[in-house]
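Below is one structure, written out as structure tokens; comments come after it.
Below, all heavy atoms of this structure are taken into account, side chains as well, without hydrogens, waters or symmetry copies. Computed from a prediction, not measured in an experiment: that's the story for all the values here. For ligands, and for the atoms within them, numbers begin at 1 and follow the listed sequence.
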Amino acid sequence: MTKHIFVTGGVVSSIGKGLTSASIGMLLEARGLRVRMQKLDPYINVDPGTMSPYQHGEVYVLDDGSETDLDLGHYERFTDGPLSRSSNYTTGQIYLSVIEKERQGRFLGKTVQVIPHITDEIKSVIRKVGEKDVDVVITEIGGTVGDIESLPFLEAIRQFPLSAGRENCLFIHLTLVPYLKAAGELKTKPTQHSVGQLRQIGIQPDILICRCEQSISRDERDKIALFCNIPSQAVIEERDKDFSIYEVPLSLVDNGLDEQICERLNLSTVSPNLDPINEILHRLRNPKHEISIAVVGKYAEHKDAYKSIYESIDHAGIDHHTQIRVGRIQSARLEEEGAEKLLAGYDGILVPGGFGERGIEGKLLAVQYAREKQIPFFGICLGMQCAVIEYGRNVLGLGGAHSTEFDKDTEHPVICLLNDQREITQMGGTMRLGSQPAKIHPGSKSVDAYGVADVNERHRHRYEFNNAYRDQYTDGGMVFAGTSPDGGLVEICELPDHPWFVAVQYHPEFKSKPTRAHPLFSGFIGAAIARK
Ligand code: GLN
């Protein structure tokens, strides 16, 4: 019988439900359980693919090409259970599929309603993830309890135990216990209210995880327990972690969370193997080197816009026992202040993916600076396209070279749409998306890093290197170190006369893990350490 854990959040948004859910998944896997993670998002967009990074942070892409919430990134980095399209549903997707069924006449003349049709659809997508060889499904409900939008999801998880059995379901509610400086004490009222709201809906949480800045005293814990109708030991403290996100799972263990989960769900397991996470923290606390990396992107000031990039840099730091200071630099600033002022002193420069014209010239300046000053450079997706444009303009003399994404009439469309993508006008799902094979060529820095010639990497882009310019670039010194297996699409560009200049059309950041840094991130950071 598959067990189900539902994670809800209260009081404020951004309370860290994603990271906490992922940590729970990690701890259960560390006990040998087979875990599947799932996120249900209350917004109406069918997926986050069309939302601005300012609204939503990064779009996280899975192997199967689904464009998902960035919390799925936490899940993949923390756990090993496979994720797919069914790991992330939005209100929009749920309604879309119910409406499609209605159009097909599948409701046999009935009035289609939120209860039971929408809630049935939600329950069926929850059940689906737990169907095969799964011990525990962890379903995180996006949004905050009290939001109008999340009501159908909450109603569906209220109903869920009716068929699955209450003993097989566990409700975990994450809340905030703020510290009021003026009063000099922690405040439990918001938590009481938030749980009150859940109970009005018919959900009695089994475990409360309380985010707090200060330790919760015995008295405060008892008070929360009494008002929220749960045993005192089910009030779990989750103190803010300044040092590292990898402290979160360990602090949950210290507070007995995993043990209680297993007890409540009647799961008998071995005690968790915490060696990998302890090793990560050991390396982070005892760095052998210190370097700095500049990430030059359109939204660099926004901490979630390139979430997986920042995480992957950290993983490579862990791999190399190195502390990395990351400078997030808005590319548009380079256009006004110049590369030297903003980039001097960095040991490596990374230009991430992106869409839209703002800040492009600044990214080109960053590429040029890295190339000319021999600073290790890593270009990703749009970052690779910028590397190609910069090389065309400044080395090959292709004046005004550009991507047709930004200049339709450019004289030198070195990056352009492939023929079969020209026709597409509908938004969403029109890109080259998801895992695709690539061949890495012998003698390249990339093959050194990967150690193998055949790789699969995730894509999310429309534009490609224009093959009409291949010979000119090769003759002019750029090496196409990776291509699609048939050789038709450029996947990696390198400059051999440079300590480490590697630019890729795909997104390696979606496949990096704290215990297994992505080989190219590791190569990049290795080169930055060597430079220093
Ligand atoms: N805008 C570019 C394209 O669509 C790059 C996309 C990206 O960096 N993810 O091809």
Side-chain angles (χ1 to χ4, degrees), residues 47-54 56-63 65-68 70 73 295-300 302 304-310 312 330-332 349-364 366-367 377-390 392 401-408 410 413-436 438 457-467 469 482 484 488-493 502-512 518 520:
D47 63 44
T50 53
M51 275 193 244
S52 152
Y54 281 123
H56 195 269
E58 108 186 330
V59 174
Y60 189 81
V61 181
L62 301 179
D63 270 340
S66 34
E67 298 174 275
T68 69
L70 56 75
V295 173
V296 182
K298 179 174 171 184
Y299 303 103
H302 186 305
D304 282 342
Y306 309 110
K307 183 84 188 153
S308 296
I309 300 263
Y310 299 135
S312 303
Q330 236 181 316
S331 54
I349 295 173
L350 187 152
V351 176
F355 296 82
E357 199 182 353
R358 182 162 61 84
I360 288 291
E361 295 301 323
K363 289 179 192 171
L364 296 175
V367 178
F377 171 79
F378 197 9
I380 292 178
C381 208
L382 181 59
M384 183 203 93
Q385 299 176 353
C386 286
V388 167
I389 295 165
E390 192 277 329
H402 222 325
S403 162
T404 54
E405 179 179 2
F406 311 119
D407 180 2
K408 287 206 167 31
T410 169
V414 291
I415 303 290
C416 66
L417 279 184
L418 292 187
N419 280 336
D420 49 358
Q421 273 161 321
R422 281 211 180 116
E423 312 295 317
I424 297 169
T425 49
Q426 199 194 339
M427 294 300 272
T430 60
M431 286 186 269
R432 186 168 168 224
L433 274 171
S435 182
Q436 314 241 337
E457 293 284 4
R458 296 182 192 169
H459 292 69
R460 180 173 185 253
H461 62 108
R462 288 195 180 81
Y463 295 81
E464 302 274 357
F465 179 83
N466 183 349
N467 285 327
Y469 288 90
S484 54
L489 300 172
V490 167
E491 295 280 18
I492 309 179
C493 309
V502 176
V504 297
Q505 185 56 79
Y506 48 83
H507 290 274
E509 73 271 25
F510 296 141
K511 289 187 70 169
S512 185
H518 189 284
L520 292 183

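Note that OH of Y60 and NZ of K307 are 12.5 Å apart. Values are rounded to the nearest 0.5 Å.
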Give one line per pair: atom of ligand 1, protein atom, distance. Only N/O to N/O under 3.5 Å.
| from | atom 1 | to | atom 2 | distance (Å) |
| --- | --- | --- | --- | --- |
| ligand 1 | 1 (N) | G354 | O | 2.9 |
| ligand 1 | 1 (N) | E405 | OE1 | 2.7 |
| ligand 1 | 1 (N) | E405 | OE2 | 3.1 |
| ligand 1 | 4 (O) | R462 | N | 2.9 |
| ligand 1 | 8 (O) | G354 | N | 2.8 |
| ligand 1 | 8 (O) | G354 | O | 3.4 |
| ligand 1 | 8 (O) | L382 | N | 3.0 |
| ligand 1 | 9 (N) | R460 | O | 2.8 |
| ligand 1 | 9 (N) | H507 | NE2 | 3.2 |
| ligand 1 | 10 (O) | Q385 | NE2 | 3.1 |
| ligand 1 | 10 (O) | R462 | N | 3.1 |
| ligand 1 | 10 (O) | Y463 | N | 2.8 |

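For the residue pair E357 and H402, no side-chain donor N or O sits within less than 3.5 Å of a side-chain acceptor on the partner.
Annotation: side chain of R358 is in contact with side chain of Y299 (closest heavy-atom distance under 4.5 Å).
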Please tabulate, one pair per line, all N/O donor-acceptor pairs under 3.5 Å involving side-chain atoms of residues 377-390, not counting sequence neighbours.
| from | atom 1 | to | atom 2 | distance (Å) |
| --- | --- | --- | --- | --- |
| Q385 | NE2 | Y463 | O | 3.2 |
| Q385 | NE2 | Q505 | OE1 | 3.4 |
| E390 | OE1 | R371 | NE | 2.8 |
| E390 | OE2 | R371 | NE | 3.4 |
| E390 | OE2 | R371 | NH2 | 2.7 |
| E390 | OE2 | N394 | ND2 | 2.7 |

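A salt bridge does not link R460 to E509: none of the charged side-chain nitrogens sits closer than 4.0 Å to a carboxylate oxygen.
Nearest heavy-atom pair, V490 versus C493, reported as atom, atom and distance to 0.1 Å: CG1-SG, 4.0 Å.
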